[in-house]
Amino acid sequence: MLTTYKPSKNNRQLFNDGILTGIRIDGPKITENLTRPIPYGNKVIGESRFYHAMGEKVQLSKVVVIPWEQGMMDIGKVELQDFKDGAHGIFKVVQFQEVPDSAPPAMQLSLEKLTTHYEDLRK
């Protein structure tokens, strides 16, 4: 039996903080985009999530929410560009989490900032 969720009126998601793109990294080089640009919204890193990540020796840098995107769970690295200040960075996806009762359907990504300098070979 198929389970469906009715979106909660209190769980409306906004994706107006920037653009996220799934990328392929080979060694020190960004070789291609794996996804189209996807809008994202920033979320607060909760205390429980923060301390659990620290116990796993992961330094969470950011949590974002994106519209549900098929195939996104196969992406390991993403590039974010912020609308507010134009800043961008490369992040490792640490965790994917479905937000089942959201409108529109969404997924939450926990991200760790990568400090390595990558040469961008994309056209």
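Computed over heavy atoms, backbone and side chain alike; hydrogens, waters and symmetry mates excluded.
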#### Entry: Non-hydrogen atoms of V78 and G22 that approach each other most closely
CG1-CA, 4.1 Å
### Query
Within a strict 4.5 Å, meaning less than it, do heavy atoms of the L109 and L20 side chains meet?
yes
### Query
Measuring from K62:NZ to L111:CG, what's the distance to the nearest 0.5 Å?
8.0 Å
### Cluster check L80, L34: I/L/V/M/F/W/Y, side chain < 4.5 angstrom
yes
### Task
Indicate, with yes or no, if V63 and V99 share a hydrophobic cluster defined by side-chain heavy-atom contacts under 4.5 Å among Ile, Leu, Val, Met, Phe, Trp and Tyr.
no
### Query
Is the shortest heavy-atom distance from the side chain of K43 to the side chain of Q13 under 4.5 Å?
yes
### Atom of Q81, atom of H88 and distance for their closest heavy-atom approach
CA-CB, 3.9 Å
### Task
For F91 and S61, work out which heavy atoms get closest and say how close.
CE2-CB, 4.0 Å
### Task
Report yes or no: do V64 and F83 belong to one cluster of Ile/Leu/Val/Met/Phe/Trp/Tyr joined by side chain heavy-atom distances under 4.5 Å?
no
#### Entry: Rounded distance (nearest 0.5 Å) linking atom CD1 of I75 with atom OG1 of T21
10.5 Å
### Query
Which heavy atom of F96 sits nearest a heavy atom of M107, and at what distance?
CD2-CE, 4.4 Å
### K29 atom NZ, over 12 foreign heavy atoms within 6.0 Å
no
### Task
Would you check if I30 and I90 make a side-chain contact, meaning some heavy-atom pair closer than 4.5 Å?
yes
### Query
When rounded to the nearest 0.5 angstrom, what is the spacing between CE in M72 and OG1 in T35?
5.5 Å
### Task
Could you tell me the separation between the CD atom of Q108 and the OH atom of Y40, rounded to the nearest 0.5 Å?
14.0 Å
#### Entry: Contact check, side chains of W68 and Q70, non-hydrogen atoms, under 4.5 Å
yes
### Query
Would you say the side chain of T116 lies within less than 4.5 Å of the side chain of P28, judging by non-hydrogen atoms?
no
### Same apolar cluster (I L V M F W Y, side chains within < 4.5 Å links), M73/I38
yes
#### Entry: NZ/NE/NH1/NH2 to OD/OE distance under 4.0 Å, K84 and D82
no
## Note on the structure
Correct closest heavy-atom pair for P39 and P67 would be O-CD, 3.3 Å
### Message
Rounded to the nearest 0.5 Å, what separates atom CG in D120 from atom CD1 in I23?
### Response
8.0 Å
#### Entry: Side-chain touch F15/V65, heavy atoms, less than 4.5 angstrom
yes
### Task
To the nearest 0.5 Å, tell me how far E32 CD sits from R24 CZ.
4.5 Å
